[in-house]
Colleague: 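There's a structure below that I have some questions on.
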There are 2 protein chains.
Amino acid sequence: MKKAITLNSVAVEAGVSRATASLVLRDSPLVSLETRDRVICAMDKLGYIYNRGAANLRGQKTGTIGLVLCDIGSPFYSQLMLGIDEVIVDANIVAILVNSAENPDRQLRQIRRLREHGVDGLILCPAAGSSDTLLSEIERLHLPFVQVLRHVSQRNGNYVGPDYIDGTSLAVTHLVRHGRRKIAFLGGKPVHSAARERLDGFRKTLKKHKLKHDLIIPTHLGNLSDLGSFPELLASSSPPDAVVCYNDMLAQSVMGYLLARGKIPGRDFAVIGADDLPQSAVSFPTLTTIVTDPMGVGRNAARLLLDRIDNPTTSSTRILVSGQLMIRQSCGGQLS
Amino acid sequence: MKKAITLNSVAVEAGVSRATASLVLRDSPLVSLETRDRVICAMDKLGYIYNRGAANLRGQKTGTIGLVLCDIGSPFYSQLMLGIDEVIVDANIVAILVNSAENPDRQLRQIRRLREHGVDGLILCPAAGSSDTLLSEIERLHLPFVQVLRHVSQRNGNYVGPDYIDGTSLAVTHLVRHGRRKIAFLGGKPVHSAARERLDGFRKTLKKHKLKHDLIIPTHLGNLSDLGSFPELLASSSPPDAVVCYNDMLAQSVMGYLLARGKIPGRDFAVIGADDLPQSAVSFPTLTTIVTDPMGVGRNAARLLLDRIDNPTTSSTRILVSGQLMIRQSCGGQLS
DNA sequence: CTGTTAGCGCTTTCAG
DNA sequence: CTGAAAGCGCTAACAG
C-alpha cells in the first residue's frame, strides 16, 4: 500500500497551507482564483480523494442515511428505493441499505450498526412484531427517523405511507358499484399497521353497504402460491364473487389461479390488487388496483427525513399519500 | 446537542484509561475480566455508541461496500441484493446502495462518491454504454471490485454472472425439441454483455439446428408494454411459433398480449423467459424460464469481493453461475 | 494487565 | 486572502 494522498500533500504540491486547500475543497469564496486553480491542479495531478470519514470526525453530518427495510427482495420496495434515491442523490447523500427480514431483533442490531456508522437519519419500515419501544430506542440514539409504509405507534414519530384505509375503501365501493356482493379480502394477517389499515377499510366499507365483511383470508405473503383457504372457498356452495388482495403480486397469483380453472377475472370474478406495479398494466387481464405510489412515498419520506435532519426538534409529521383506484380489466374495465 | 459520549468518558466512568476501554471494545483477551465488566457497565450506563468513523481514520477498513446498480427499480436486482445481503451481514459489513440509472456519467460520479465514503470495495453492474476505461478508473481509486451480471471487458476484472449463453442455448434447444421452428428473440439491443451473450447463445443454437436466426426484436426494456415489432410479426403471413424473451417480466408481458388475443401460451405459441422470478411459478400459464439465480449471483459476488478485499493482489476471477431451464406450462409443461 | 503517547485526515478558529 | 494550531474519537505501539 503506497502512501495515501492527503489534503496535506495537495497543499504542499500547490505550495499553500492545508487550511487553504481545505477551503478550496468547499468552494469557499475566500480563496483567490489563482490559488484555487493551483490547488485544483495539484489535486488532479496527485489523484487526490477526499476523505469524508476524516471530515465527519469534525463536522456533524456524514452525508449518509440508513434504510431499514423488512424485505429487500420485494419489487414494491424497489420502487420505494427509487423514490428515495431520487431525492437524496440531489442532496449529495448516500443510503446504507439493511434488511431486517421482518425480524425485530435483527432490525435493532442493524439500526445500531447504522448508528455506529454515523448515519444522519433513518428511513424505516418497521418489521412486523416490532415492539413499541422501538421508537424510544431510536430516539435514545439521537437519530432523526421517518417510518414508511408501516408505523409502530398511532401518534409518535414521523410517518409516510399510502392511505390504505381510503384505498381499500375505494376498491370495495368500486366492487359494490359493479354488482359484487360477496367480497373477500385475501392476504396477510393483521401483523402490522399496513395490514390492519387495509382490513379496517375493508370492513368499514362493507359494513356501510350492509354486506358480509368477515371473508378475510390470511395467507403467507412471502409465498405467492399460498392462497390460504381461497381455493376451498371458491369451490364451496356459496363462493365469493370478488376479492380484494393485499397487493398486486398476490392478485396476479389469484388471477393465475382463476385462469387455470377457466374463470376469467373481470368477467366471472372480480379481482383488485394494490400497488399498481408496472406488470399490472400488461398482464391478462390487466389488473384493477389500488395505487399506492411507492415512489411517491419514497420521495416524501426522503424529503421529510432531510428536513428533520436539519430541524431535529420539529414535532412529528404524518403524511398520508392518498390512494386512488386504477381501473382496468380485472374489475370494471373493458375486457377486450 | 449535548456532549457526545466518547470512549474517553467511558474510560473515566470505569476508572481506566481510554486504551484499555478500546481493548474491551474489541474483545481483546488482554483485559482482566473484572475490568472488562466494569467498562461494559460504564458503556451501558452512559449509552455509549461506538464511532466507526473515528476508528476508520486509523484502520484501513470501514466495513462498508458499495453497490452500484443500474436499475434499482427492477425486481431482478432485489433478488441480487438479497443474496449479497445474506453474506455481508455475517461479515459485519454494510452496503451503500447507489443507482447509476444506466447512465455512465452518473455511474462514475457515484463511484467517486462511494470512494470518498471509504468503501472497502465495490459490487458493480456496469451501466450500458460504460466505456472500457471504467475499470482502470476504478483501479486508479485502489478499489477492489467485482462486476455482476454484465462485464465491460472480456478479460479484465472479477466478474460473477449467469451463464447467459448456455442458458439461452438450453431454451432454444428445448423449443426445437418441442417442434418449434420459427423462433424469435424478444427484448433489448446488444448494449451490454448480458444482452450480447443472450443473443450469441440464441444465434449459435439456432444455427446449429439450421434454423432461421435473425428474428431478433429490440424493445425498450424499461417499458414493459413495448413489444417492439412483435405484434406486427405475429400478424404477418408467416408468424413465429415461439419466442425467447430477455427476461421474465417481458415474457409475462408477452403472455398477457397473447392471452388478450385468444392465443394460449404453451399451446398456440411457446414463450420462454429468463430469471425465474417468483411470480413466474404462479402465473397463467406458468412460465418456462431460464434460471439465472440472482440470489446465487449475489452471494458469489459478495463472497468474491470479500475475498478480494482481504487479498487484493489475486488475479481476476470470473464465475459463471451455470443456467438451467425451469420447464413449466408456457413451453413443454402440461397445461392443466 | 494497564496507561502514555502519538497520530489517522480533516475543519475551524484566530492571527497575520 | 493565507497560515498556525488545536482538536474530532479512536487505535497502536511501547512502556510500565
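In the text below, chain A, chain B and the rest are named by the order of the sequence lines, each starting its count at 1.
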Colleague: Ignoring hydrogens and geometry beyond distance, is a side-chain donor-acceptor pair present between B:R26 and B:S22 at under 3.5 Å?
Modeller: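 B:R26 vs B:S22: donor-acceptor pair found between side chains.
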
Colleague: For A:E34 and D:dC1, give me the distance from atom CD to atom P, rounded to whole Å.
Modeller: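 Rounding to the nearest Å, CD of A:E34 and P of D:dC1 are 12 Å apart.
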
Colleague: Rounded to whole angstrom units, what separation is found between the CG atom of A:L33 and the C1' atom of D:dT2?
Modeller: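 From A:L33 CG to D:dT2 C1': 15 Å.
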
Colleague: Quick one: A:L57 CG to D:dA6 C1', roughly how many Å, whole number?
Modeller: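 The distance from CG of A:L57 to C1' of D:dA6 comes to 13 Å, rounded to the nearest Å.
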
Colleague: Report yes if at least one side-chain N or O of B:T6 is closer than 4.0 Å to OP1 or OP2 of D:dG9; otherwise report no.
Modeller: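 Indeed not, no polar side-chain atom of B:T6 lies that close.
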
Colleague: Ignoring backbone atoms, establish whether B:T35 has a side-chain N or O less than 4.0 Å from OP1 or OP2 of C:dC1.
Modeller: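 For C:dC1, OP1/OP2 do not have a side-chain N/O of B:T35 under 4.0 Å.
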
Colleague: Side-chain N or O of B:S17 versus OP1/OP2 of C:dT4: is the shortest distance under 4.0 Å?
Modeller: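 It does not, given that no N or O in the side chain of B:S17 lies less than 4.0 Å from OP1 or OP2 of C:dT4.
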
Colleague: How about B:T317 and B:R308: does a side-chain donor come under 3.5 Å of a side-chain acceptor?
Modeller: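 Yes, side-chain donor-acceptor contact under 3.5 Å.
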
Colleague: Using whole Å, what does the distance between atom P of nucleotide C:dT11 and atom CD of B:E116 come to?
Modeller: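 Taking atom P of C:dT11 as the reference, CD of B:E116 is at 11 Å.
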
Colleague: Find the distance B:N56:CG to D:dC10:P and express it as a whole number of Å.
Modeller: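 Result: 12 Å.
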
Colleague: Roughly how bent is the helix from C:dC1-D:dG16 to C:dG16-D:dC1 end to end, in steps of 10 degrees, with each end axis from five pairs?
Modeller: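 Computed angle between terminal axes is 30°.
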
Colleague: Would you indicate, yes or no, if C:dG3 has its OP1 or OP2 atom less than 4.0 angstrom from a side-chain nitrogen or oxygen of B:T20?
Modeller: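 The answer is yes; a side-chain N or O of B:T20 sits under 4.0 Å from OP1 or OP2.
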
Colleague: Please assess B:R113 against B:E116 for the test salt bridge (charged side-chain N to carboxylate O under 4.0 Å, His left out), listing each intermediate value before the final yes or no.
Modeller: CA-CA 5 Å; B:R113 199 177 280 185; B:E116 291 185 351; over 6 Å; no

Colleague: Tell me: CG of B:N51 to C1' of D:dG7, nearest whole Å?
Modeller: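 These atoms are roughly 14 Å apart.
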
Colleague: Measuring only between side-chain heavy atoms, which start at C-beta, is A:L305 closer than 4.5 Å to A:P144?
Modeller: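 Answer yes - side chains close enough.
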
Colleague: What pair of heavy atoms forms the shortest contact from A:L114 to A:G66, and how long is it?
Modeller: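 Nearest heavy atoms, A:L114 then A:G66: CD1-CA, 3.9 Å.
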
Colleague: Without decimals, in angstroms, what is the distance between B:I5 CD1 and D:dC8 P?
Modeller: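 Between P of D:dC8 and CD1 of B:I5: 15 Å.
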
Colleague: Distances under 3.5 Å only, N/O to N/O: pair up the protein atoms with those of nucleotides 11-13 of chain D.
Modeller:
unit_1 : atom_1 : unit_2 : atom_2 : d
D:dT11 : OP1    : B:Y50  : OH     : 2.8
D:dT11 : OP2    : B:S22  : OG     : 2.7
D:dT11 : O2     : B:R58  : NH1    : 2.9
D:dT11 : O4     : B:R18  : NH2    : 3.2
D:dA12 : OP2    : B:R26  : NH1    : 3.0
D:dA12 : O4'    : B:R58  : NH1    : 3.2

Colleague: Between A:K61 and A:D310, is there a salt bridge with N-O shorter than 4.0 Å?
Modeller: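 Here A:D310 pairs with A:K61 in a salt bridge, since their nearest N and O are under 4.0 Å apart.
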
Colleague: With a 4.5 Å heavy-atom cut-off, do B:R150 and B:R196 have their side chains touching?
Modeller: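 With C-beta onward as the side chain, the pair stays apart.
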
Colleague: Could you measure the distance from the CD1 atom of B:I96 to the OG1 atom of B:T64? Nearest 0.5 Å is fine.
Modeller: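 Spacing of CD1 (B:I96) from OG1 (B:T64) equals 4.5 Å.
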
Colleague: Whole angstrom is fine here: how far is it from CZ in A:R52 over to C1' in C:dC8?
Modeller: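 Rounding to the nearest Å, CZ of A:R52 and C1' of C:dC8 are 18 Å apart.
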
Colleague: Kindly give the heavy-atom pair with the smallest separation between A:A14 and A:V39, and that separation in Å.
Modeller: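 Minimum heavy-atom contact is CB-CA, 3.9 Å.
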
